[in-house]
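Worksheet: the structure to be examined is printed underneath.
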Amino acid sequence: VIMLMLLSTLGWAAELTPDTITGTTKVTAEDVIDLLGKYDDHVIIDARTRKDHAAGWIEGAVSLPDTETNAETLAANIPSKSTPVLFYCNGVKCGRSVKSCQTAVAEGYGNIYWFRGGWGEWTAKGMPGTH
């Protein structure tokens, strides 16, 4: 029984986020740079915990953990449902941005970009951020 519990726990820890999220455009770190240069009215949402955000974030990102993402908090942070909005979290083993994106899609936001690689990819590639 203990071995089964250990194996199931290890399997869960290694689980990756989905490859795509319906209603979003998946982007890489390089795509994020292009996106930020393309839109003046973009919003960046850091879906990680506030503790993770405090340790470093993409410059200009708003800390809005997935556990606090709902219709009201999205409306308070995103000017319109057509505003380009980028969601990220810690990376491919972190599902926080997945949940936040799914909430935004369900609330009718239509210009959503999902940075699946998140903070892990951002820092691994030496991208500019706030540390």
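Just so you know, residue 1 is the first one in the sequence shown, and it goes up from there.
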Would a 4.5 Å heavy-atom cut-off, applied to side chains only, mark S97 and W114 as touching? yes
Are V32 and W122 packed together at the side-chain level, in the sense that at least one heavy-atom pair is separated by less than 4.5 angstrom? yes
Is there a side-chain contact between L36 and I44 in this structure, where contact means two heavy atoms from C-beta onward sitting under 4.5 Å apart? yes
Would you say that W57 contacts R48 through its side chain, given a criterion of any heavy-atom pair below 4.5 Å between the two side chains? yes
Shared hydrophobic cluster for F87 and L35 (ILVMFWY, side-chain gaps under 4.5 Å): no
Does I78 offer a backbone N or O that forms a donor-acceptor pair with the side chain of Y109 under 3.5 Å? no
Hydrophobic clusters here meaning ILVMFWY residues chained together by side-chain heavy-atom distances under 4.5 Å, can you tell me if L74 and I112 are in one? yes
Indicate the atoms forming the closest heavy-atom contact of N77 with T73, along with that distance. ND2-O, 2.7 Å
Any heavy-atom pair between the side chains of N90 and R96 that's under 4.5 Å? no
Does M127 form a side-chain contact (heavy atoms from CB on, under 4.5 Å) with I58? I'd like the steps, not just the answer. CA-CA 9 Å; M127 298 300 204; I58 295 174; over 6 Å; no
Mark yes or no for whether D31, through its side chain, and T28, through its backbone, hold a donor-acceptor pair below 3.5 Å. yes
I'd like to check the side chain to side chain contact (heavy atoms under 4.5 Å, CB included) partners of S63; sequence neighbours left out, ordered by chain and number. R50, H53, P65
Sort and list the pairs that fulfil side-chain hydrogen bond (donor to acceptor under 3.5 Å, both in side chains) and have at least one residue in residues 98-107, not counting sequence neighbours. T69-S100
Short side-chain to backbone donor-acceptor contact, T17 and C94, under 3.5 Å: no
Are I45 and V105 linked, directly or through intermediate hydrophobic residues, by side-chain heavy-atom contacts shorter than 4.5 Å (ILVMFWY only)? yes
Can you check whether I21 reaches R116 side chain to side chain, under 4.5 Å on heavy atoms? no
T83 side chain reached by H42 side chain, heavy atoms, under 4.5 Å: no
Can you get from I33 to F115 by hopping between Ile, Leu, Val, Met, Phe, Trp and Tyr side chains that sit under 4.5 Å apart? yes
Least distance between heavy atoms, V43 atom then P79 atom: CG2-CD, 3.9 Å
How long is the straight-line distance from OG1 of T24 back to CG of N111, given to the nearest 0.5 Å? 11.0 Å
Find out whether D41 and P84 are in side-chain contact, i.e. whether some heavy atom of one side chain is under 4.5 Å from a heavy atom of the other. yes
The reported gap from OH in Y88 to CD in E121 (rounded to nearest 0.5 angstrom) is 13.0 Å
